[in-house]
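Written out below as structure tokens is the structure these notes cover.
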Amino acid sequence: MSPPASTPALTLHDSQRRALVPFAPLDPNHVRVYYCGPTVYDLAHVGNLRAMLTADLLVRLLRRLYPRVTFVRNITDVDDKITARARANSETIAALTARTTADFHADLAAIGIVPPDLEPRATDNIAEMQDIITRLLAHGHAYEAEGHVLFAVQSFPGYGTLSGRDTDDLIAGARVEVAPYKRNPGDFVLWKPSDDTQPGWDSPWGRGRPGWHIECSAMAHRYLGESFDIHGGGDDLLFPHHENERAQSLCCFPNGTFANVWLHNAMLLVDGEKMSKSLGNFYTVRDVLARGPAEALRLLLMTSHYRSTLNFTFGGLEDATRTLDRFYRALETTPPRADGIVPDSVMSALCDDLNTPRALAALHALADAALAGDSEASSGLKASGALLGLLDQTPADWFRAGVGLDETTIATLIEERLAARKARDFARADEIRAALAAQGVALEDTATGTQWRRG
RNA sequence: GGUCCGAUGGCAGAAUGGUGAUGCAGCGGACUGCAAAUCCGCGUAUGUGGGUUCGAUUCCCGCUCGGACCUCCA
């Protein structure tokens with residue numbers, strides 16, 4: 001028995017420091033993570049999945065390294081896009097957000113993303129938002145103007161530190177009409193007035209609704225405190241969303257540090273361009289699952305490092321499917337024991353800023369060994385798959401999923417072909433094989449008999 | 001216009017200041033009635049021009065090209 005694998009140190013890329021840093025939890029007994037969740041007005045697309053999957057892998061790894069992890073991912077259920085979509089659909093906001101949230105959960109479950117420990121909704125945290133706004137006003141970090149409450153970026157010397165830009169850049173680069181009531185072009189809304197057709201809550205500043213950024217400050221504080229370990233999201237959130245969140249939180253809770261480490265994943269591309277709703281070049285999760293196994297989609301998203309852009313193609317989905325074929329073939333050839341351990345080759349790759357491509361290369365080495373009959377390797381492959389959220393099916397389920405023919409019919413035809421082969425009637429044997437292939441069933445003659453799988 | 005990131009074989013994609021993983025595809029072979037699966041073997045790459053260095057794909061500068069953010073966005 002080999003000694004227990006030593007635990008490699010976890011290193012993560014911190015956007016704020018723009019460097020790989022050793023991960024040092026504030027409390028090693030309780031690691032706390034916040035991720036920005038979806039605005040629930042439409043089906044998720046595969047690009048949206050990338051941040052969710054990165055968080056999933058991070059949390060799976062953290063749970064292996066630390067005794068307790070609290071992972072919070074919010075649901076944004078108040079937003080002008082939601083209001084507009086509900087109106088366009090002639091449905092209530094509540095119906096739209098409830099349905100979209102359920103769809104979101106189903107899509108994530110399909111690709112094996114574990115739910116967060118807490119999934120607070122923005123509309124359940126209005127009071128916390130108002131509390132933060134009140135404090136920001138009291139400390140001179142915010143001001144009222146024409147029914148709005150705005151954050152004053154110049155009141156916070158650290159503004160721009162996270163995203164690496166200063167307020168002068170923002171003025172120079174402003175491509176949008178600056179509202180005349182803003183003191184500084186970079187100021188952003190904390191609270192805005194609602195008319196009768198818009199959702200609203202009573203507040204000291206009149207009936208209104210929150211700005212976009214304040215909800216995350218409120219929920220992160222409520223559930224994780226003034227200081228916590230990791231805050232993540234897509235790199236398109238770095239500015240302005242995360243910059244503004246950070247500014248609000250640090251000004252409201254100056255004794256805290258807000259997030260210690262900022263994690264940002266790169267975008268998914270389609271034909272070299274960012275996949276996005278506004279460009280219309282997106283595939284929903286359901287579009288993709290109609291064309292390939294969910295597990296292959298999960299694997300595909302791990303073939304590239306989370307900080308590299310990944311060009312999404314259906315060819316890539318097919319490649320991922322073939323890779324899983326080989327992994328499952330290895331598990332089928334040499335069944336794993338239940339007590340396998342994750343080899344150091346996999347752990348060290350993941351601990352190196354979630355280097356999934358390197359981890360997958362290690363899985364290939366394990367699969368090679370398992371195919372050669374190495375039970376230790378097979379068990380390690382299975383255990384590594386469990387850590388990565390892969391290889392949870394039986395090989396039989398994987399190889400036979402989606403076959404329309406019933407097994408009895410297939411077995412009968414296999415027997416008939418076997419008889420033909422014994423009689424050396426290969427024309428008939430090949431005819432049967434071709435007929436099965438036409439219906440998506442592939443045959444493999446092995447030393448122990450003829451096996452079938454989806455073709 | 002401002003800020004930032006990237007460019008590795010046909011494709012995907014790691015790594016590294018000193019002979020460039022891994023997978024897919026391709027080619028040859030073994031096995032097979034033929035296939036499939038599996039196994040063995042093979043080929044092909046660091047965008048471009050400089051600089052630092054004994055040595056650069058790696059570090060620095062310019063250029064070209066691509067992408068992201070500056071507006072809702074994972």
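To find a chain, count down the sequence lines: A is the first, B the second, and so on, and within it residues start at 1. Remember, predicted model here, so these are calculated numbers, not experimental data.
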When we call it a touch if two heavy atoms are under 4.0 Å apart, what does A:Asp235 touch: a base, just sugar-phosphate, or nothing?
-> sugar-phosphate
With sugar-phosphate meaning primed atoms plus P, OP1 and OP2, does A:Gly233 contact a base, only sugar-phosphate, or nothing at under 4.0 Å between heavy atoms?
-> sugar-phosphate
Testing B:G33, B:G67, B:A37 for proximity to the side chain of A:Arg424, the answer is B:G33
When you compare B:U8 with B:C59, how far apart are their P atoms, in angstrom units rounded to a whole number?
-> 15 Å
For atom CZ of A:Phe239 and atom P of B:C5, their distance in whole Å | 17 Å
Paired to B:C42 by Watson-Crick or G-U wobble criteria (both distances under 3.5 Å) is B:G26
Take atom CG of A:Leu20 and atom P of B:A14, then tell me their distance rounded to the nearest Å.
-> 14 Å
Checking all strands, does A:Arg421 fall into the base, sugar-phosphate, or nothing category for heavy-atom contacts under 4.0 angstrom?
-> base
N-O pairing of A:Asp56 and A:Arg60 below 4.0 Å = yes
Which residue lies more 5' along RNA chain B, comparing A:Asp236 with A:Asp445 via nearest heavy atoms | A:Asp445
May I ask you to verify if any side-chain N or O of A:Lys274 is less than 4.0 angstrom from the OP1 or OP2 atom of B:C69?
-> yes
A:Leu360 near the nucleic acid: base, sugar-phosphate alone, or nothing, with a heavy-atom cut-off under 4.0 Å?
-> nothing
Compare the minimum distances between each of B:G23, B:G67, B:A12 and the side chain of A:Thr303, then state the nucleotide with the smallest one.
-> B:A12
In whole angstrom, give me the gap between the P atoms of B:U22 and B:C60.
-> 28 Å
So, do A:His242 and A:Trp262 have ring centers that fall under 6.0 Å from each other?
-> yes
Paired with B:C65: which nucleotide, if any, by Watson-Crick or G-U wobble criteria at under 3.5 Å for both distances?
-> B:G6
Pairing partner (Watson-Crick or G-U wobble, both distances under 3.5 angstrom) of B:C59 | B:G51
Whole-Å distance separating the CZ atom of A:Arg165 from the P atom of B:G2 = 14 Å
Base, sugar-phosphate alone, or nothing: which one does A:His305 contact when heavy atoms must sit under 4.0 Å apart?
-> sugar-phosphate
Angle class for the A:Tyr328/A:Phe399 ring planes (parallel below 30°, perpendicular above 60°, tilted otherwise)?
-> perpendicular
Stacked cation flag A:Arg246 on A:Tyr159, 6.0 angstrom / 45 deg | no
Which pair of non-hydrogen atoms, one from A:Met302 and one from A:Leu390, has the smallest distance, and what is that distance?
-> CE-CD1, 3.2 Å
Watson-Crick/G-U partner (both atom distances under 3.5 Å) of B:A37 = none
Please determine if A:Arg326 and A:Asp368 form a salt bridge, counting it only when a charged side-chain N lies under 4.0 Å from a carboxylate O.
-> yes
For B:A15, does either OP1 or OP2 sit under 4.0 Å from a side-chain N or O belonging to A:Asn355?
-> yes
Within the structure shown, what part of the strands sits under 4.0 Å from A:Leu443 by heavy-atom distance: base, sugar-phosphate, or nothing?
-> base
Mind checking the C1' distance from B:G47 to B:A25? Whole angstroms is fine.
-> 24 Å
Identify whether any heavy atom of A:Arg417 sits under 4.0 Å from a base atom; if not, whether one sits that close to sugar-phosphate; answer base, sugar-phosphate or nothing.
-> base
Tell me which nucleotide among B:A74, B:U22, B:C34 gets nearest to the side chain of A:Asn48.
-> B:A74
If we take the P atom in both B:C42 and B:A21, what is their distance in whole Å?
-> 13 Å
Touch class at under 4.0 angstrom, heavy-atom based, for A:Leu238 against every strand present | nothing
Can you tell me, in whole Å, how much space there is between the P of B:A35 and that of B:G29?
-> 11 Å
Inspect the surroundings of CG in A:Asn89 and state if more than 12 heavy atoms from other residues, nucleotides or ligands are less than 6.0 Å away.
-> yes
From CZ of A:Arg358 across to C1' of B:A14 the rounded distance in Å is 8 Å
Measure the distance from CD on A:Glu245 to P on B:A74 and round it to the nearest whole Å.
-> 13 Å
Determine the interatomic distance between C1' on B:A56 and the same-named atom on B:G49; round to the nearest Å.
-> 15 Å
Pairwise distance CD(A:Glu245) to CG(A:Leu237) - rounded to 0.5 angstrom = 8.5 Å
What integer distance in Å separates A:Leu297:CG from B:A12:C1'?
-> 16 Å
Base, sugar-phosphate, or nothing: which does A:Asp319 touch, judged by heavy atoms less than 4.0 Å apart?
-> sugar-phosphate
Can a side chain N or O of A:Arg326 be found less than 4.0 Å away from OP1 or OP2 on B:U38?
-> yes
Could you give the CG-to-C1' distance, from A:Leu371 to B:G23, as a whole number of Å?
-> 14 Å
In whole Å, what separates the P atom of B:A68 from that of B:U16?
-> 28 Å
Among B:G13, B:A74, B:A37, the one nearest A:Pro357 by side-chain distance | B:G13
Provide the distance between the two P atoms, one in B:A30 and one in B:G67, to the nearest whole Å.
-> 48 Å
Nearest whole angstrom, please: distance from the C1' of B:C34 to the CZ of A:Arg433.
-> 6 Å
Testing B:A15, B:A74, B:C24 for proximity to the side chain of A:Met275, the answer is B:A74
